[in-house]
Every structure is written in C-alpha cells, then in structure tokens.
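Worksheet: the structure to be examined is printed underneath.
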Amino acid sequence: MTSKKYILEMFPYPSGNIHMGHVRNYVIGDICARYHKLKGDEVIHPMGWDAFGLPAENAAIQFNTHPKDWTLNNIKNMKEQLQKLDLDLDWERELATCDEDYYKYQQELFIDLYRAGLAYKKDALVNWDPVDQTVLANEQVIDGKGWRTGAIVEKKNLSQWFFKITNYAEELLSDLDNLKLWPEKVKTMQKNWIGKSIGAEIKFKILDSDDYLNIFTTRPDTIYGATFIAVSINHPIVNKSLNQEKIDNIKKEFEEINDDKDKMGVPLPIHCEHPILKKKIPVFIANFVLDTYGEGAIFGCPAHDDRDYEFAKKYSLPIIKVIECDDKSIPYSGDGIVINSPLLNGLNKEDAIKEIIKIFKKNKVGNEKINYKIRDWGVSRQRYWGCPIPVIYYEDGTYRVLDKEELPVVLPYDVNLKGKGNALLNIDDWRKIVCPKTNKIAFRETDTLDTFVDSSWYYIRFLDNKLEKPFDSEKVNRMLPVDKYIGGIEHAILHLLYSRFFMKALRDIYNLKVDEPFKQLFTQGMITHKTYKTQNNEWVMPKDIVLNNNRLVKTKTNETVEEGPSEKMSKSKKNVIEPDEILENYGIDATRIFMISDSPPDRELEWTDEGIQSSKNLVHRIEKYFSQKLSTFNLETEKKVEKFIHDIEKNILDFSLNKCVADIYTLFNYLEKNKIYLNNSTLSKKIIICLFPVLPRLSLSINSLLFNSEILNKWPNIDLELLADNNIKLPIQIQGKLVTTFDTTKGYKKEDILKSIYKLDKVKNKIVNKEIIRIINVQDKIINIIVK
RNA sequence: GCGCCAGUGGCGGAAUGGUAGACGCGCUGGUCUUAGGAACCAGUGGGCAACCGUGGGGGUUCGAGUCCCUCCUGGCGCACCA
C-alpha cells in the first residue's frame with residue numbers, strides 16, 4: 001500500500017550562499033524523502049526560493065546592481081551548491097516568490113481574501129522601522145526594536161492593509177491540540193502569542209457626559225476594590241480631554257522615565273462612576289496601560305494587583321481589600337473569598353465572577369468577554385522588492401481592489417533605489433494609470449506585501465507550480481497537509497502562525513478540506529563552532545589557525561589565538577565552515593553522516609574536525625568492508641541484519657538520526673569483529689538499501705560494483721521471526737539489585753529457572769541463611785528475589 | 001516576575017518503570033607501516049576491594065535516570081497582557 005508523503009524543508013532566502021545550517025536542514029529532509037521513496041510512497045520533496053525582501057534592495061545599493069539581478073544570480077549560485085549536495089529534490093517544482101508566475105497568483109489570493117472580508121484597510125498606529133523605512137508587523141518587533149535592524153521602532157499613524165487573522169484566533173488556538181506531531185514548545189509559544197483570556201468587559205459611565213469607558217478585566221470579582229481608572233496615552237478619550245500640546249508633553253515625560261517599570265500617571269479632567277457603588281472615581285493616563293491590549297483601559301484594584309498597588313501608593317489612592325485568604329500580604333492577586341462586596345461576599349473567585357457578570361448584564365453595564373492578545377496582521381510594506389498589492393487609488397481618495405482579469409500588477413524593473421523611502425512612489429509612469437473601468441486617473445498602491453505572505457502559501461503552490469490559477473483544490477485536498485515540515489525554531493510564531501491562518505482562510509474561501517498546513521513539524525538545532533580571537537579581539541576563522549608548539553596561532557601573522565566558547569556559526573564571529581570546502585575535502589556522504597551523528601537533530605550540533613573526520617572514516621570503512629571476499633555467515637548474522645533494518649527504519653521515522661548512525665556502527669562492528677564478509681549476498685543487498693537514505697553515493701557505488709545494478713529500490717520487509725531473538729540474558733536481582741545474569745531462552749518455566757539460579761555462587765552466597773519471602777518474575781524480562 | 005524544557009563518564013549522547021553509560025569522540029597500551037589526520041587489536045564511570053554511582057534532599061515501588069514532592073543550576077520563550 002502506498003501513501004503520499006509531502007516532505008518539505010523551509011525554503012531559503014537566496015542570500016548568496018548556502019551555509020551549514022541549510023545543509024543540516026536539507027540532509028534531514030533528504031533522508032526522510034529517500035526512505036519514503038524506498039518504501040514505495042508517493043513522495044513530494046520540492047525546493048524553492050523565498051526571494052522577495054529587503055536584503056536584495058540593500059545589496060543592490062551596495063553593489064550597484066538591481067534587486068532582481070542580485071536575487072536571480074544568488075538563486076543560480078545556491079542552486080548549484082544544493083545540486084552538489086546531491087539532494088533528492090523535485091527540481092521541476094522549483095519556484096521563486098519574486099517570479100511573476102508566483103506573485104500574480106498571490107495577487108489573486110489577495111483579491112479573494114479581500115472579497116471574503118479578510119483583507120481590509122484602516123488607519124492604524126503602526127510600528128515604523130526608521131532604518132528600513134517601513135512598517136513592521138507586531139510579530140516583527142522584538143523588545144521594541146526592529147527584528148532585522150535593531151532600530152527602536154516608532155509609532156506612526158498610517159493607512160495600512162491588514163489581514164484579519166483575529167477572525168481565526170480561536171481556531172488557531174484550539175487546533176493546536178490537534179497538532180500531535182508538533183513540538184510542545186512551538187505550540188506553547190503560539191498559544192502565548194494568541195493570548196486568550198476569559199473575563200469581562202465593563203462600561204464605566206463618564207460623569208457629566210453620555211460617554212462610557214470600556215475596560216477589559218479577568219478579575220471582575222474585584223470590582224468593589226476598584227478605586228481608579230487608567231487609560232493608555234493613545235486612548236481616544238485622551239484626545240477628547242486634553243489638547244495636543246499637553247498630550248505631547250505627557251508622552252515626552254513617559255519616555256524620559258529611566259526604569260520603564262516605574263509607574264507614572266497624569267489625572268484626566270474627567271471622572272467615572274463605579275458601576276456598582278455609583279461612587280465617583282478618578283481617571284488617569286498611566287504609562288503602564290497598554291494601548292494594544294484589551295480596550296487600552298483598566299480599572300485599578302490596588303489591593304489585588306501589583307501594578308495597581310504601586311500606582312495607588314505613588315498617587316495616594318485608596319486601597320480597598322476585597323479578597324480574604326490565609327496569605328495576608330498586600331497586594332494579593334490569588335484566589336480567595338470575597339469580602340467588602342455586598343453583592344458577592346462569601347463567594348469564591350469562580351462563583352463571584354459568575355455572579356458579578358450576571359449583575360453587570362442585568363444593569364447593562366458589562367458582559368462576559370473573551371479577549372485575545374493577537375491583533376490583525378499588518379501586511380503593507382513601504383518597499384520596492386515585494387509583491388505589489390493589486391489596488392488603485394482615485395484622486396478623490398477612494399480606492400478599488402483590482403479584478404483578477406486586471407492582473408498581474410507587475411513590479412517595474414527600472415527603479416532608483418538610492419532615494420529615501422519607497423522607490424515605487426517615484427516611478428510615475430508605473431504608478432499613474434487611467435483606470436480601465438472608470439477612465440479616471442488613478443494611482444497604484446505603492447506598498448508591497450510583507451514577505452511572510454509569500455511564504456504563507458508556497459507549500460501549496462509547490463503542488464502545481466505551473467498551473468494557471470493559484471492551486472487546484474482537488475490536488476490540495478489530496479496532497480496536503482505537508483507530512484513532515486523541517487526547519488528552524490526561529491519561525492515558531494511568524495511564518496508558522498501566518499501559514500496556519502492562510503490555510504484556514506483559503507479553506508473557507510475555496511471549500512478545501514485541509515485545516516492545517518503542516519501535520520508534523522520538526523525543528524532542527526543550529527550548528528555551533530568554537531570561536532577564536534586574537535589578543536586584539538579580532539575574530540579569526542578556524543581554517544586560519546594552526547597548532548604551533550601547543551599554542552594556537554593565526555597562520556599568516558603567527559599571533560596567539562585564544563579559543564572561545566562554541567557559538568552559533570555566524571559571519572561576524574567568523575566561526576563558519578563553508579559547505580563547499582567540506583564537500584570537497586570529505587565528500588557528500590561524510591558530510592551527511594556528520595550532520596546527523598553527534599547529537600539528536602533537534603539539538604545543537606557542535607562542528608568539530610574530529611567529527612567530520614570520523615564520519616569520513618566510517619564511509620571508507622564501509623567501502624572497504626564490501627570489497628572483502630565473501631565469507632560464510634550464519635543465522636545469527638541474519639538476525640543481526642534484521643535487527644539493523646528494523647532499528648534504522650524506526651530511527652529514521654522518529655527523526656532519531658543520530659541513532660541511525662549508531663545502528664550502522666553496531667552492525668559493522670559486529671560483522672568485522674566476527675570476520676563475516678557479506679560481499680554480494682542477499683544480506684548485503686538489504687544492508688545497502690538501508691544505508692541508501694543516509695549514504696546515497698556510497699550505496700549506489702557499492703550496488704553497482706557488487707550487483708552490477710544502478711537500481712536500488714524496495715525497502716526490505718522485516719522477517720518478524722528472525723527479528724525475535726529467543727536467546728536472552730535474564731537479569732537476576734536480589735532485593736532489587738542486580739546480582740548476575742542468566743543465559744536462557746524466552747518462555748522459560750519460572751520453577752525450572754529458579755532451581756538453576758539458586759545454584760549460582762553469586763546467588764547462593766546472598767540467600768544463604770535467609771528466608772525467601774517473594775519472587776518477582778517478569779517473564780522474559782527480569783527475576784527479582786526478595787529475602788528476609 | 002511568569003511559562004516551558006533540560007541536568008547521565010573527560011566530551012557528544014543511549015536507555016516501553018526492569019542489566020545505566022548503546023554508539024561516537026577523546027584518551028591509554030599494543031600491532032602494522034618509510035610515513036600518516038590511515039588501518040587493526042585490547043582497554044577506558046569511580047574505587048585495591050566489598051561496594052558506590054544519572055544536580056541535592058525526600059517519597060511511591062519488589063525495582064526509579066525514568067513517576068510524585070521539594071530545592072539548586074542552566075537554557076529557551078514571554079514579559080506592566082489587567
């Protein structure tokens with residue numbers, strides 16, 4: 001029975017050269033793909049290029065070239081490098097996201113998303129990267145800095161395109177439970193990112209006004225302890241209550257705080273009414289209220305929230321305790337019994353929340369509410385080298401999303417990248433058009449799509465990269481999800497969450513039957529290498545170092561070099577190893593072996609000269625082994641080979657590739673130690689086939705030498721009878737401690753074996769003069785004798 | 001601060017609750033070789049031994065690296081998320 005297997009490694013950004021991290025990634029995938037092909041599965045194993053993006057623009061300026069030329073040239077180079085690795089890839093499926101043939105279908109998808117209400121435009125405070133001069137998605141801002149430039153991100157109010165990922169927040173969260181073959185870690189990260197909290201929305205009436213302030217809380221049970229309201233500086237009520245100058249001053253003050261955890265607030269000239277107590281409570285602008293979460297406003301309950309407590313202390317606001325428990329500390333934010341709250345007294349947290357929500361509902365001042373931290377995905381980028389958004393704007397400010405017949409909107413080639421901002425803005429003869437539908441003057445959208453849009457559906461396009469529509473539904477239903485998706489953990493949120501959203505959105509638009517894009521996710525570890533520095537703190541490349549009189553020195557200058565810790569390979573620290581050189585010196589097979597041998601594929605792998613050398617030695621050893629003349633072999637040999645087939649198969653399927661290498665060593669250690677040479681026997685054939693996924697070159701060459709055949713196919717079936725080894729070494733324990741082992745066969749009779757065991761010296765000595773009170777016999781596993 | 005993961009020889013790492021340290025690296029001794037970053041053989045957790053050993057302490061069990069509690073250490077993620 002054959003089944004489809006879609007095996008995919010995250011496609012690379014064509015930066016110019018592949019690095020060792022790529023090699024490890026693709027070798028892992030290649031082993032899987034080759035194995036499944038041998039099993040007779042219908043395997044898809046494509047490769048392509050994540051080809052849009054800012055580095056191309058920067059490189060174009062730096063090297064006085066064009067992003068497209070630079071990118072296409074890099075693709076050519078990297079493809080050659082990959083081909084040198086002899087990966088079993090479906091090159092006929094190759095695609096590059098910067099090809100018109102790819103992005104025109106992305107523009108179609110954009111139109112579909114728009115028509116489905118999942119793409120929309122709005123004015124929004126967005127993250128602005130001043131160095132790259134573009135907007136960033138929330139996911140691309142790390143610690144307030146741009147993910148690529150490290151520049152402090154500014155807030156800008158811009159009209160931007162968004163994808164409505166929030167529509168899928170609940171499903172993106174709940175479906176994580178169905179992803180049984182994803183690392184828990186990644187699922188946890190996505191879960192936190194989506195950030196679901198269950199609580200209540202409460203309306204606080206603004207006194208002397210018809211307006212209300214909405215706040216979200218997970219602790220409505222502490223409502224009686226609310227003594228103030230705090231809003232973010234960007235909350236709409238601030239604009240209504242203060243003039244711009246004042247607001248700017250407050251913003252400045254907030255920015256000048258040294259410790260950003262320090263609480264600071266400014267009272268607003270308005271007050272709210274407590275929704276239950278009807279008393280007047282003050283409203284502050286506070287620096288610790290996030291405008292991006294909930295309603296951008298909170299009620300402060302100082303007795304039961306650390307931040308509110310700090311704030312109340314600083315501004316001498318009342319602190320009312322409404323939760324009682326054994327822990328007398330203030331503030332206390334745990335569970336307890338409600339006090340000082342006439343309508344809730346005596347209830348526990350859970351009941352109090354239910355009860356107060358009932359009351360809110362009755363009084364029409366609040367409701368239960370589920371809040372998600374995730375916000376819609378901003379996809380506009382003010383960059384040239386990306387997929388044009390198929391929209392035009394009229395002079396009156398209205399816009400129209402193009403029809404599919406009007407596609408593609410082709411990215412113009414002639415461009416000047418040396419100016420400030422988005423180069424597309426300056427290409428007038430591209431930008432300005434006469435709208436064919438209205439005959440009015442119109443201007444093209446000059447923002448391009450975030451490159452994460454490109455990578456959100458490339459795995460779908462791979463199924464049929466030449467089709468004259470984005471994809472074929474029947475094929476998608478049949479071939480997706482990707483069975484094994486292999487890549488770095490750095491994409492845990494961004495790419496993987498966006499892709500999950502895309503799959504679900506496309507499912508709903510096109511009635512697809514696929515809920516999730518990636519059935520199994522495997523995150524491979526990075527490759528590290530020792531770092532080297534001269535006394536002058538200059539990094540030195542490992543290949544420029546020699547050992548001279550027990551001293552590490554730089555070859556050219558003879559300077560002393562100090563060895564530092566092993567760190568992720570990076571150009572800046574010069575601790576990189578170039579794949580091309582390794583391939584040349586050690587060959588493909590040794591490189592593959594080393595990529596998987598020293599540590600489990602999901603952990604980091606330290607590059608060592610000894611490691612790559614011993615991998616090469618193994619390849620030679622196997623080659624030499626098969627050149628020996630055929631010897632006799634016996635049933636035991638057959639059993640060992642059978643076990644090898646079984647173990648290596650299991651380990652490939654589990655991604656325990658380091659154990660595959662151990663399996664290979666174990667087999668050849670046994671064969672050579674016993675001088676059993678299998679040459680061109682049927683056992684050899686089986687071994688060679690099983691070696692093929694890991695050592696394709698070697699297996700092919702041995703196969704053609706011994707069997708005069710170019711073909712390796714059909715993974716051997718396992719003979720269960722041979723696999724079952726009836727001879728066992730039975731561990732014998734006394735008081736649960738190992739005393740000896742006893743050679744016997746499976747299915748022994750307990751009574752018989754005990755008679756023999758009691759005669760063993762080691763056992764006899766320990767039980768003499770003692771009473772045997774219990775015998776535990778786990779059949780075929782262990783015998784434990786308990787004495788008194 | 002919160003959450004998750006992990007701590008096993010000199011090192012990387014193996015062990016469905018059932019012989020801890022598979023396999024590799026390194027190291028020690030030896031063989032062969034003009035030589036070797038080659039190959040081969042033997043050994044390699046600690047201790048002379050009885051025994052002791054999976055970060056520390058406690059527990060469950062006939063039996064714990066594995067399960068539970070607790071503490072320590074390290075890594076990763078999130079971080080004023082109301």
Side-chain angles (χ1 to χ4, degrees), chain A residues 142-144 183-197 199-200 202 215-220 222 226 230 232 259-263 286-290 292-301 304-308 310-311 333 371-374 489-490 492-493 566 585-586 593-594 597-600 603-606 608-618 620-621 624 647 651 656 658-669 672-673 728-742 773-778 780-787:
Chain A
I142 295 146
D143 290 337
E184 278 309 316
K185 190 179 167 165
V186 175
K187 290 197 274 186
T188 307
M189 283 164 73
Q190 292 210 354
K191 203 170 167 181
N192 293 338
W193 186 263
I194 295 165
K196 179 181 185 176
S197 348
I202 307 172
I215 68 99
F216 172 75
T217 179
T218 54
R219 292 299 301 272
T222 64
S232 141
D259 181 351
D260 62 7
K261 293 263 157 143
D262 278 350
K263 304 289 176 285
N287 67 330
F288 67 94
V289 180
L290 302 170
T292 57
Y293 185 78
E295 305 286 339
I298 59 149
F299 76 70
C301 177
H304 303 290
D305 183 281
D306 296 347
R307 299 149 301 183
D308 299 348
E310 253 183 82
F311 191 80
S333 55
N371 189 64
Y372 297 93
K373 195 176 79 171
I374 191 172
I489 190 134
E490 65 272 21
I493 293 175
S566 207
N585 292 333
Y586 297 93
I593 285 277
F594 182 53
S597 61
D598 271 15
S599 42
R603 282 198 224 168
E604 57 182 47
L605 170 72
E606 183 175 5
T608 60
D609 292 345
E610 291 84 0
I612 183 73
Q613 183 58 47
S614 65
S615 301
K616 189 179 181 181
N617 293 347
L618 176 63
H620 280 166
R621 184 176 157 194
K624 212 172 105 187
D647 290 352
N651 287 326
S656 298
N658 54 323
K659 288 191 254 168
C660 290
V661 180
D663 295 334
I664 295 171
Y665 275 109
T666 306
L667 177 70
F668 285 95
N669 286 350
E672 290 185 330
K673 190 175 179 125
I728 50 169
K729 271 192 177 354
L730 187 68
I732 311 299
Q733 294 183 333
I734 292 174
Q735 312 292 64
K737 283 191 174 181
L738 181 77
V739 172
T740 186
T741 60
F742 187 76
I773 55 171
R774 195 173 162 192
I775 308 255
I776 291 127
N777 172 41
V778 182
D780 301 340
K781 285 273 182 187
I782 203 162
I783 285 181
N784 188 6
I785 301 163
I786 311 300
V787 295

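All values derive from a computational prediction rather than experimental measurement. Order of the sequence lines sets the chain letters (A, B, ...), proteins ahead of strands, with each chain counted from 1.
A donor-acceptor pair is defined here as one N or O able to donate and one able to accept, closer than 3.5 Å; such a pair exists between the side chain of Q735(A) and the backbone of V787(A). Under a 3.5 Å cut-off, the side chain of S656(A) and the backbone N or O of K659(A) do not form any donor-acceptor pair. Remark: side-chain polar atoms of K191(A) are not paired, donor with acceptor, to backbone N or O of K196(A) under 3.5 angstrom. A donor-acceptor pair is defined here as one N or O able to donate and one able to accept, closer than 3.5 Å; no such pair exists between the side chain of K373(A) and the backbone of Y293(A). Remark: side-chain polar atoms of N287(A) are paired, donor with acceptor, to backbone N or O of D262(A) under 3.5 angstrom. Between the R219(A) side chain and the G199(A) main chain, no donor and acceptor come within less than 3.5 Å of each other. Within the 3.5 Å criterion, the main-chain N or O of D598(A) finds no donor-acceptor partner in the side chain of N658(A).
Between S232(A) and L290(A), the closest heavy-atom pair is CB-C, 4.1 Å. Between I493(A) and Q190(A), the shortest heavy-atom contact is O-NE2, 4.2 Å. Closest heavy-atom contact between T222(A) and H304(A): CG2-CB, 4.4 Å. Of all non-hydrogen atoms in F299(A) and D308(A), the two that sit nearest each other are O-OD2, 3.7 Å.
One cannot find a donor-acceptor pair under 3.5 Å joining the base of G24(B) and the side-chain atoms of E610(A).
Judged by distance alone, the side chains of N651(A) and D663(A) do bring a donor and an acceptor atom under 3.5 Å apart. In this model, no donor atom of one side chain and acceptor atom of the other lie less than 3.5 Å apart for Y665(A) and S597(A).
The side chain of V289(A) approaches A82(B) more closely than any other nucleotide in the set U19(B), A82(B), C40(B). Listed nucleotides: G18(B), C25(B), U19(B). Nearest to the side chain of S614(A): C25(B). Side-chain proximity of L738(A) to A82(B), G24(B), A20(B): nearest is A20(B). Distances were taken from every side-chain heavy atom of T218(A) (C-beta onward) to each of U19(B), A82(B), G77(B); the shortest belongs to A82(B).
Both the sub-6.0 Å distance and the 45° axial angle are not jointly satisfied by K263(A) relative to the ring of F311(A).
Dashed line: the shortest gap from a side-chain N or O of N585(A) to OP1 or OP2 of G37(B) is not under 4.0 Å. In this model, the phosphate group of C62(B) is approached by a side-chain N or O of R774(A) to a distance below 4.0 Å at OP1 or OP2.
If you check every strand for non-hydrogen atoms under 4.0 Å, K187(A) touches nothing. Backbone-only engagement by S197(A) is indicated by non-hydrogen atom pairs under 4.0 Å involving sugar-phosphate atoms exclusively. Counting non-hydrogen atoms under 4.0 angstrom, I786(A) reaches the backbone sugars and phosphates but no base. Counting non-hydrogen atoms under 4.0 angstrom, N617(A) reaches the backbone sugars and phosphates but no base. Within the 4.0 angstrom heavy-atom criterion, base atoms lie near Y586(A). Among the atoms of the strands shown, only primed sugar atoms or phosphate atoms (P, OP1, OP2) are found under 4.0 Å from some heavy atom of K624(A).
Residues L618(A) and I664(A) have side chains in contact (heavy-atom distance under 4.5 Å, counting atoms from C-beta outward). Considering only heavy atoms from C-beta on, E184(A) stays 4.5 Å or farther from V186(A) through its side chain. The side-chain heavy atoms of T740(A) and L738(A), taken from C-beta on, include no pair separated by under 4.5 Å. I783(A) is not listed as a side-chain neighbour of F742(A), based on a closest heavy-atom distance of 4.5 Å or more.
Between the C1' atoms of C48(B) and U8(B), the separation comes to 26 Å (whole Å). Taking the C1' atoms as reference points, G7(B) lies 26 Å from A79(B), given to the whole Å. The gap from the P atom of C2(B) to that of G53(B) amounts to 34 Å, rounded to the nearest Å. For the C1' atom pair drawn from G21(B) and G9(B), the interatomic distance equals 7 Å after rounding to whole Å. Comparing A22(B) with G46(B), their P atoms sit 13 Å apart, to the nearest whole Å. G59(B) and A64(B) have their P atoms separated by 12 Å, given to the nearest Å. Rounded to the nearest Å, the gap between the P atom of C11(B) and that of C27(B) is 15 Å. Taking atom C1' in both G47(B) and C52(B), one finds a spacing of 8 Å when rounded to whole Å.
If you find the closest nucleotide of RNA chain B to H620(A) and to N784(A), the one lying nearer the 5' end belongs to H620(A).
One atom, CG of D647(A), and another, C1' of A15(B), lie 13 Å apart when rounded to the nearest Å. Counting to the nearest Å, the C1' atom of A82(B) and the CZ atom of R219(A) are 11 Å from each other. L618(A) has its CG atom 11 Å from the P atom of A39(B), to the nearest Å. One can place CZ of F742(A) at 18 Å from C1' of G18(B), the figure rounded to the nearest angstrom. As a whole-Å value, the separation of L290(A) CG from C78(B) C1' is 13 Å. The distance from atom CD of Q733(A) to atom C1' of C62(B) is 8 Å, rounded to the nearest whole Å. Rounding to whole angstrom units, CG of residue D780(A) and P of G18(B) are separated by 15 Å. Here the P atom of nucleotide G63(B) and the CD atom of Q735(A) are 9 Å apart, to the nearest Å.
Here K624(A) pairs with nothing under the salt bridge (charged side-chain N to carboxylate O under 4.0 Å, His left out) rule; sequence neighbours left out.
For G36(B), the base is anti relative to its sugar; the glycosidic angle deviates from 0 by more than 90°.
Contacts between residues 661-668 of chain A and RNA chain B, defined by a heavy-atom separation under 4.0 Å, are made by A662(A), Y665(A), T666(A).
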Going 5' to 3' through nucleotides 1-14 of chain B and flagging B where a protein heavy-atom sits under 4.0 Å of the base, S where only the sugar-phosphate is that close, and - otherwise, we get -----------SSS
Check: protein-nucleotides 45-49 of chain B nitrogen or oxygen pairs below 3.5 Å:
none

All N/O pairs under 3.5 Å across the protein-nucleotides 50-52 of chain B interface:
unit_1 : atom_1 : unit_2  : atom_2 : d
C51(B) : OP1    : K766(A) : NZ     : 3.3
C52(B) : OP1    : K737(A) : NZ     : 3.4
C52(B) : OP2    : K737(A) : NZ     : 3.4

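Stems are defined here as 3 or more consecutive Watson-Crick or G-U wobble pairs with pairing distances under 3.5 Å; those involving RNA chain B are B:1-7 with B:72-78, B:10-12 with B:23-25, B:26-31 with B:39-44, B:55-59 with B:67-71.
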